[in-house]
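See structure below.
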Amino acid sequence: MTEDEEKGQRRFQAPRGANDVLPEDEAYWRFVRETGERICHSFGYRRIDTPVFEDARLFLRGAGEGTDIVEKEVYIFEDRGGDRLALRPEGTANVCRAYLEHGMQSLPQPVRLFYFSPVFRYDRPQAGRYRQHTQIGIEAIGDGSPLVDAETIDVLSSYYDALGLSGLTLHLNSIGDSNCRPTYVQSLRDYYEGKLGGVCGDCKVRFEKSPLRMLDCKERGCRPLIEAAPLISDSLCEDCDQHFTALQSHLAALDIDFVHNPRLVRGLDYYTRTVFEFMPKEEGAQSVIGGGGRYDGLIELLGGRSTPGIGFGSGLERIIINLKRQNAPIPEIAAPRVYVAHLSEAAQGAALGIARELRRGDVAAVVGGAGRSLKAQLRHADGLGARYAAILGDKELASGEVTLRDMANGEQRSVANADLVAAAKTG
RNA sequence: GUGGGCGUAGCCUAGCGGUUAAGGCACCUGGUUGUGGCCCAGGAGAUCGAGGGUUCGAAUCCCUCCGUCCACCCCA
């Protein structure tokens, strides 16, 4: 900000790529969160919350130095004590850190965890892509069998089903492990050696740092070479191959359709074996709504014993975009049940008391604005969608009653204060 | 990070070089004494995204920045 702007009364705006979630979207957010929590619990997952910031090295080491996320998208800062911290750019590393820090190796394995958390990436915003977004994620740590891979995918797929999202395609691949991947990467290098002239600038860098990601390049010029490149699925070692085969048969048993996309790789380096993504039918760049994979080397990389893990992350904002696009039915947020209108200063205190009694009786109540006419208060009640208006004037004050008006049909009756909660609950 | 479109009150839009920036929705207040949704009347709300420049004069033209959207890229 320049000095002039500081002096002037420039209005503040939310930072670029960061959004307010307004009450008009409350129903979507509640639906998406409650459904997620319900599904996760139904699979035996327990909630974990981790800090939004962590030692920067946790992410730099975990996600991989060669990735875009780490190289140009992590929010890094130094705090007042001089520690290098980073805002979480993804959810898995935190959870793995917590698993190690709290000795979860000694819990029955796998440890099944889920979370909702804000995620930060310094990216150029556009629709469906934000600098702060929210992910639901799960991690199953401590069991390397393909059964858990199938379960993880089943959780995500069940979640989308429960939300009513349709038309999603599951893309699936195996990218091998520390045993077979190096051999494959070498064969990929051999293949590209001498062909680098026909490849984009990014891919030249990827060739050095992370050749696998060349397969994922969207540059038109790179396509033909990708088409003809050797496939990881053809060079999986026997263990990886069996793992992948078993996963596919488990998915078949669950009736979960998928497309084997041999060129699917993911943006984080810690993935091994299984990787997957869910894509909606709609076109558009920001289409992936959820994805994940296995990370059998990550815990060890973070200083633990060799421990397998698998998980997914799914963007709630993108889910909501798709729910809106599909016009999916969403449970509404209830309007306040009773609007307590008052006609004199003397009635104000009584109105506050009556509203409190209603709430204690589990009836949502809103008190009318001071100094507003009854007409204005009823208009307000109507605008809020209240079912009843409880009217309190001198008459009612004297008799210990309220006038209860049914806003739907305008019928009114006197109700003794003691009977109000019951009356407000009926109809 | 690259390229392009857009930016007028909370929202949608008119105005596109010339005096007090117009309308609709929403909001507030009234239409006599304690009654909503329709109608009518009135009111409040805009340094025309910000800063600079051109001009006698700019919301209207130019530049820079910010924001937003789209494509690329990246990914959830």
Side-chain angles (χ1 to χ4, degrees), chain A residues 1-19 22 24 63 67-73 89-92 117-137 156 200-203 206 213 216-220 222 265-268 277-280 283-292 312-322 339 341-344 347 368-369 371-386 388-397 403-412:
Chain A
M1 225 196 254
T2 68
E3 274 184 44
D4 284 343
E5 283 171 325
E6 274 179 44
K7 269 185 214 153
Q9 324 54 1
R10 200 171 84 103
R11 284 226 262 165
F12 286 109
Q13 296 177 306
R16 180 167 208 201
N19 298 110
L22 301 175
E24 62 194 46
T67 62
D68 277 18
I69 290 181
V70 162
E71 281 202 338
K72 40 195 192 195
E73 295 177 7
E90 53 99 22
T92 302
S117 70
V119 172
F120 305 85
R121 288 179 204 163
Y122 189 83
D123 209 345
R124 182 137 170 199
Q126 63 192 69
R129 185 171 80 187
Y130 311 108
R131 288 184 173 180
Q132 174 178 343
H133 74 275
T134 314
Q135 287 190 13
I136 178 177
L156 190 51
C200 73
D202 282 342
C203 279
R206 291 178 185 132
R213 315 204 58 244
D216 210 23
C217 186
K218 273 87 182 177
E219 229 27 74
R220 222 163 280 126
C222 296
V265 296
R266 307 215 73 244
L268 300 160
E277 289 182 348
F278 279 85
M279 316 257 295
E283 306 296 319
Q286 271 62 58
S287 50
V288 176
I289 66 169
F312 69 70
S314 186
L316 298 188
E317 289 84 356
R318 287 190 186 173
I319 289 174
I320 289 171
I321 286 170
N322 280 279
Y339 185 96
H342 44 82
L343 301 174
S344 65
R372 298 172 119 187
S373 66
L374 180 58
K375 179 194 185 89
Q377 291 185 71
L378 287 177
R379 191 153 42 206
H380 192 191
D382 189 48
L384 295 178
Y388 292 108
I391 300 168
L392 259 183
D394 293 339
K395 272 189 321 208
E396 290 82 357
L397 235 41
T403 298
L404 192 64
R405 178 182 179 83
D406 187 328
M407 296 298 287
N409 55 25
E411 281 169 16
Q412 297 191 174

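All chains are named by letter (A, B, ...) in the order of the sequence lines, taking the proteins before the strands, and each is independently numbered beginning at 1.
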Could you give the distance separating B:G3 and B:G45 at their C1' atoms, to the nearest angstrom?
38 Å
Original post:
With side chains defined as the heavy atoms from C-beta onward, is the minimum distance between A:R124 and A:E73 less than 4.5 Å?
Top reply: no
Regarding B:G36, can its base be found pairing with the side chain of A:R405 as donor and acceptor, where the two atoms are less than 3.5 Å apart? yes
Does the structure show A:H380 stacking with B:G36, if we require the centres to be closer than 5.5 Å and the planes to be within less than 30 degrees of parallel?
no
Kindly indicate whether the side chain of A:D382 and the base of B:G36 share any N or O donor-acceptor pair separated by less than 3.5 Å? yes
- B:G17 and B:A58: how far apart are their C1' atoms, nearest whole angstrom? 6 Å
### Message
Mind checking if A:Q377 touches a base, just sugar-phosphate, or nothing, with heavy atoms under 4.0 Å?
### Response
nothing
inquiry  = Using a distance-only criterion (donor-acceptor N/O pair, under 3.5 Å, no hydrogens), is the base of B:G34 paired with the side chain of A:E396?
reply    = yes
Check your understanding: What integer number of Å spans the P atoms of B:G57 and B:G52?
Key -> 15 Å
Q) If only side-chain N and O atoms of A:T403 are considered, is one of them under 4.0 Å from the OP1 or OP2 phosphate oxygen of B:G34? A) no
### Query
For atom P, what is the distance between B:A41 and B:U32, given to the nearest Å?
16 Å
- Item | Contact under 4.0 Å: A:R16 side-chain N or O vs B:U68 OP1/OP2 | yes
Heteroatom pairs (N/O) under 3.5 angstrom, protein to nucleotides 2-7 of chain B:
unit_1: B:U2; atom_1: O4; unit_2: A:R124; atom_2: NH1; d: 2.9
unit_1: B:G3; atom_1: O6; unit_2: A:R124; atom_2: NH2; d: 3.2

